[in-house]
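Following: one structure in C-alpha cells, then a few remarks.
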Amino acid sequence: MESLTAAIEELPLTDHHVHTVLPGPLTRPEFEAFITESDAPAPAGTTSFDSQLGFAIRRWCSPVLGLEPAAATADAYVLHRNRRPQEAAAAMLRAAGCGRLLVDTGFIAPGSLGLDELGSLSGAAVSEVVRLETVAAELAGTGCPAAEFARRYRELLGVRSAEAVGLKSIMAYRYGLDFDPRPPSPREVTEAAGRWLREIETSGVIRLSDPVLLREVLWAGVERGLPIQFHTGFGDPELDLRRSDPLLLRGFLDATATAGVPVMLLHCYPFHRHAAFLAQAYPHVYLDLGMVVTYTGARVAAVLAETLELAPFAKVLYSSDAYGLPELVYLGARLWRKAVAEVFGDWIARGEWQEQDAVRVAGLMSAGNAARVYQFPGASI
Ligand SMILES: [Zn+2]
C-alpha cells in the first residue's frame, strides 16, 4: 500500500478546528497541563505522559526535533524542545503540512502567537472562527442596556465575524446540548439580559451561562449564515459529558434543516457513531474527530473506522483541535494521515475498496469537504 500512503502523505490538510499555540519554553508541569483534559495535575507519583497522547508525542514529535524516540523520555523530550522553542514550534507547524488553519479565537493561552504569526510560521492560510459566547461577553462588558441586547449583539457579531469563515458554539460547556431548540421570544431575551447584566455588576464576572441568552446568540449565529461548529463529546471537566451527546441536538437540527447553515459536530467521542448517524440523516450536518485524533494515539485508526461505518464520506472533516502546544498541530496531522492510510489500506487489502477511491476519499476528508462547506475560493469538489 505504498502508493496509497505516499498519496496521503502529500495531501495538504485543512485543520478546520484549531487554536493558536505558544512559541516559548514550558516547564514540565506546564507542558503536562496541555496533554490532559483534566484541570488537575496528575496524582503524585504519576505523569500525564503515561497516556496514549503522551506516548504519541514522544514517538512522533521527537524525530521532528532530531531526537531518537527511544531516547525521548518525558524529561528528555521537554528539555530538548525547550532548547530552541521557537525553532521547535516552527518545525512542528511546518511538518504538519496544513494548507489552511481555521482558528477558534475564543480561547487563547496567554503568550500565544497572533494569527498573522501563526500563518507565517506554519506557511498555512489562516482564517478565523468566532465564538458566539465570546461576542456576548464583549457586548456585556460595554454595558449594553437589556432591551438593546438582541439588536446590539447582532450588530457586534456582524463586525467580529466580517472576515470569519465560521462560528462556534460552546453550548455543551455552558448549559448542555439538551437545550430548548426554539429561538427565545424578544421579551424572554430582554428579561434574561437584564438578569445577566445585573449579575455581572454584582459579581464582576462575565460568563454567559443563561440558557435563554445562549439560545439567543445561537439563533443570531444561524441568522448570520456561516457554518456553526458545536463542541460535542469529550472535553474538560467543566463539561457534563452526559449532556454533550450530539443526539441531544436533534430538535435543533430539525429546526435548522432548511436554514442553509452547515452544522459541524466537533470531537464527538465517545459519541462518534451517534454523530456519524446524524451526518447521514441530515444533509446539513458534518463531523470531525478533533482532539480525539491526538488523545487516542495508537488507537485512532479504530475510532476513525467506527466513524466511517455510517458517516457519508463527504461529511467527515479533519481537525487537530490543537491548543497551546505546537506539537499538537503536528501530531494531529501525523496521526490522521497514518490512521487514514491504515484504515483504507486494510479495506483495499481485503478487496473491499479500490485504491483510486481511497485516495479520492482521503482528499475529501483532509481538505475537499472543508473547502466545499466553508466555501473557500477555488473549491471545486
Ligand atoms: Zn477546541
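Order of appearance sets the numbers: ligands from 1, and atoms from 1 within every ligand.
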Keeping the roles fixed (side chain from E133, backbone from I170), state whether a donor-acceptor pair exists under 3.5 Å.
yes

Is L265 linked to W336 within one hydrophobic cluster, defined over Ile, Leu, Val, Met, Phe, Trp and Tyr using a side-chain heavy-atom separation of less than 4.5 Å?
yes

So, does Q280 use its side chain to make a donor-acceptor pair with the main chain of F277 at under 3.5 Å?
no

Looking at E199 and R195, is any side-chain nitrogen of the basic one under 4.0 Å from a carboxylate oxygen of the acidic one?
no

So, for S62 and Y77, which heavy atoms are closest and what is the spacing to 0.1 Å?
OG-CD1, 3.5 Å

Within less than 2.8 Å of the Zn ion (ligand 1), how many protein N/O/S atoms are there?
3

Y295 and F234 aromatic ring geometry - parallel, tilted or perpendicular at 30°/60° bounds
perpendicular

